[in-house]
Amino acid sequence: MSGRELRRDLAVLPMSVVRELTGLTDRQVRYYDQQGLIEPHRGAGKQRRFSLEDVDRLLQIAEYLDAGYTVAEIHEVDQKQQRKQKNTDPSEESLRHILADELLNIGRFNGQQRF
DNA sequence: CTTCTGACA
DNA sequence: TGTCAGTA
């Protein structure tokens, strides 16, 4: 019964807060959403409601994009992470971010000169 | 007033 | 991506 832990999974943050927390424009956030990189909850009037996990994810996405990855490549990274998450025990979940940053640095740009 | 979707001078 | 339009 965890009742006093911060619910980073609860989507209650409005666009204005996410905008300030991430430094991204709402245009970018909405774009990432329509690209299926995030799936924020929807409130009255279709207003997006983000969780702290979404905020983390947004920052992740921004990192990859800055690094030169395309939206498609980020999706591929997600798939490869989902696989490793399926065959890995909870104790190794802590390596998730490490793997993510690892992939970021490896960055195998097949000829495409980005940035 | 804030957010949303669609569109492009 | 920015930004403007027309809503909700």
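Letters A, B, ... are given to chains in the order of the sequence lines, protein chains preceding strands, and every chain is numbered from 1.
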Practice task
Would you write the dot-bracket representation of DNA chain C, where each base gets (, ), [, ], | or . depending on whether it forms a Watson-Crick or G-U pair under 3.5 Å and with which partner?
Solution key: .|||||.|
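In the region residues 23-42 of chain A, proximity to DNA chain C at under 4.0 angstrom, judged on heavy atoms, holds for A:Thr25, A:Arg27, A:Gln28, A:Tyr32. Residues from residues 9-21 of chain A lying near DNA chain C, meaning a heavy-atom separation below 4.0 Å, are absent.
We find that CZ of A:Phe50 is positioned 13 Å from C1' of B:dT2, with the value rounded to whole Å.
Contact annotation: the side chain of A:Met15 approaches that of A:Val29 to within less than 4.5 Å [non-hydrogen atoms, C-beta and beyond]. Residues A:Val71 and A:Tyr31 meet the side-chain proximity criterion, which asks for heavy atoms closer than 4.5 Å.
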Practice task
Apply side chain to side chain contact (heavy atoms under 4.5 Å, CB included) to A:Asp54 and A:Leu13, showing your working.
Solution key: CA-CA 9 Å; A:Asp54 289 328; A:Leu13 287 11; over 6 Å; no
Handout entry: Verdict with reasoning, A:Asp33 to A:Arg42, per salt bridge (Lys or Arg N to Asp or Glu O under 4.0 Å)
Key = CA-CA 12 Å; A:Asp33 180 20; A:Arg42 292 288 187 150; 3.6 Å; yes
Practice task
Check the pair A:Arg48 / A:Asp26 against side chain to side chain contact (heavy atoms under 4.5 Å, CB included), numbers first and verdict last.
Solution key: CA-CA 11 Å; A:Arg48 277 166 257 252; A:Asp26 48 331; over 6 Å; no
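Here A:Arg48 reaches the OP1 or OP2 of B:dC4: one of its side-chain N or O atoms lies under 4.0 Å away.
Heavy atoms only, all atoms of each residue included: A:Arg49 and A:Gly43 are closest at CG-N, 4.3 Å. Across every non-hydrogen atom of A:Arg57 and A:Asp78, the tightest pair is NH2-OD2, 2.7 Å.
Summary of the strand contacts: A:Gly45 and A:Leu65 both lie near DNA chain C, and taking for each the nucleotide with the nearest heavy atom, the more 5' one is attributed to A:Leu65.
A side chain to side chain contact (heavy atoms under 4.5 Å, CB included) with A:Glu53 holds for exactly one of A:Leu58, A:Asp9, A:Ile38; it is A:Asp9.
For A:Gln35, the CD atom counts as densely surrounded, since its 6.0 Å shell holds more than 12 non-hydrogen atoms of other residues, nucleotides or ligands.
The CG atom of A:Leu65 lies 10.0 Å from the CD atom of A:Glu73; values are rounded to the nearest 0.5 Å.
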